[in-house]
Amino acid sequence: MSESQPALHGFMRSDGRKGIRNVVVVAYLVECAHHVSRRISSHFDDLDVHLIGFPGCYPNEYAGAMMRAVCTHPNVGAVLLVSLGCESMDRDALRAAVAASGRPVELLVIQERGGTRASIANGIALVDGMRRQLAAQQPVPMALSELVVGTICGGSDGTSGITANPAVGRCFDKLVERDVACVFEETGELIGCENIMAERAVNPELGGLIQACVAKAERYYRTMGFGSFAPGNADGGLTTLEEKSMGAYSKSGSSPISGLIKPGDVPPSGGLYLLDVVPDGEPRFGFPNIADNAEIVEMIACGCHLTLFTTGRGSVVGSAISPVLKICANPETYQRLADDMDINAGRILTGEASLDEVGDDIYRAVLAVAGGERSVSEALGHQEFILTYKSFEPIGPGCLPVRHVS
Amino acid sequence: MSNASGQLQLLLLHPADNVLVSVQSLRAGTEVDAEGVRYQIVEPIAVGHKIARLDMPAGEKIRRYGAPIGSLSRSVKAGEWVHMHNLQSDYLASHTRQSGSGNSSNRSPNGE
């Protein structure tokens, strides 16, 4: 394929977006329906049948919106909702939203279907039917600019900010140049970088909103008592939150920042977007994101087709719905965990490759995975998914300024 | 900044930085040249960890990538390991496990 016009193919959805996968999602609507859902999905042992869900019984607007967003993500072809029966998730509204998107959707209520055994059997039959329907669906040509790519770092160490993160930044620059929407995140991990980011905003109003958003993150984490800094970060040589931030920040590359979005907001066009993952208002439900996968889920809710995950200490996770590509920053970690990594950015430290070369490797890997090739974590069957309680206000008008077309 | 085999050992990320980052694990008792200076390595330094580029007093702002990443809680000598025991955030305190799996002395002295 020529680099200027990559021949991608995607599954057409009714909202005009296209998926690089066509997965069947089995979604539990409360923890009480988790086991039945897991038995249904694991029966198929199929890389394209994914288990997701929300464990809570109490209502939460954010969780409902996230479930709607991920169940109608372009990579999702069909959905089986599994309810115990008495939880508060609005299952009928969720079912109606998925049905309105044109996807096959079924609702299984355990209390009405005769319990565990009958529900599992029933669910397996329903998923079987959905897989047959999806098998008949033909992909259509897809432009690179129709892709949305996210990035996250996890298990960072002192090498992350020297190798993998700036290499992802180079790849992001290349994607943004080609009008791809790219999303970076974790304002709590960008504490200390707010002024530099503000200068990169497409206009001063957006710059001010970015500064306010990082100040909100700092306030939130201060109340929680901890910054976004794990013991493994310290083992890997990172000492302070702002040191980790500076390293994480380089994933964003050098493009202008086009907008500030919140979980569930789909970027309106190509460009670089900052995802605000820290809840609005007083801290209520705990840490903004309890683990890396919660952030990946929020990027998926923003429409990300795949996620670039940089790691120094050696994360092994993947994700349901959107493939995760693992970029290893530390050459010693790569030696130990090569089977879990897509890209060895540690080659920058051992003198075997330049930042630009690794950036190009990541870019080519993005095209390959978007083209249907399995990422390493995807092929290993990693399908982690976490969704917890949060609360957000809608974004303001200054967050998505109309881009100046030059 | 490289060993006998010519491999890079310590990296200066920005000219304004006052720490160097190790690119490969360094043993105690070795000498490493970086940016025209010879450093005595007195304790093991794992990949990705920092050493002081010069002697600095407590309170000094530490710079990496040319940007401040915290302040020294005690004075350090050139070549000394800079980490939780002598550097703290100007924003939010960092926390570690009681027994880390990497360097054994990565605990913050104030127990955070």
Nearest-0.5 Å distance, [atom1] of residue [X] to [atom2] of residue [Y]:
{"X": "B/L87", "Y": "A/E243", "atom1": "CG", "atom2": "CD", "result": "7.0 Å"}
{"X": "B/K50", "Y": "A/L238", "atom1": "NZ", "atom2": "CG", "result": "6.0 Å"}
{"X": "A/S250", "Y": "B/Y65", "atom1": "OG", "atom2": "OH", "result": "6.0 Å"}
{"X": "A/L241", "Y": "B/Q88", "atom1": "CG", "atom2": "CD", "result": "13.5 Å"}

Turns out that what part of A/N330 lies under 4.5 Å from chain B's heavy atoms comes down to side chain
Of the backbone (N, CA, C, O) and the side chain (C-beta and beyond), which part of A/I196 lies under 4.5 Å from a heavy atom of chain B, both, or neither?
neither
So, the part of B/V47 with a heavy atom under 4.5 Å from chain A: the answer is both
Structural part of B/S25 lying under 4.5 Å from a heavy atom of chain A
both
Ordered numerically, the heavy-atom neighbours of chain B under 4.5 Å found in residues 340-350 of chain A are A/L349, A/T350
Could you pull out the closest heavy-atom pair between B/H83 and A/A234, with the gap in Å?
NE2-O, 2.7 Å
Which atom pair, heavy atoms only, marks the closest approach of A/E242 to B/S89?
OE1-OG, 2.6 Å
Keeping B/H49 on the side-chain end and A/G158 on the backbone end, is there a donor-acceptor pair under 3.5 Å?
no
Measure the shortest side-chain to side-chain distance between A/I162 and B/R64 over non-hydrogen atoms and say whether it is less than 4.5 angstrom.
yes
Would you indicate whether the side-chain heavy atoms of A/T239 and B/V82 approach each other to under 4.5 Å?
no
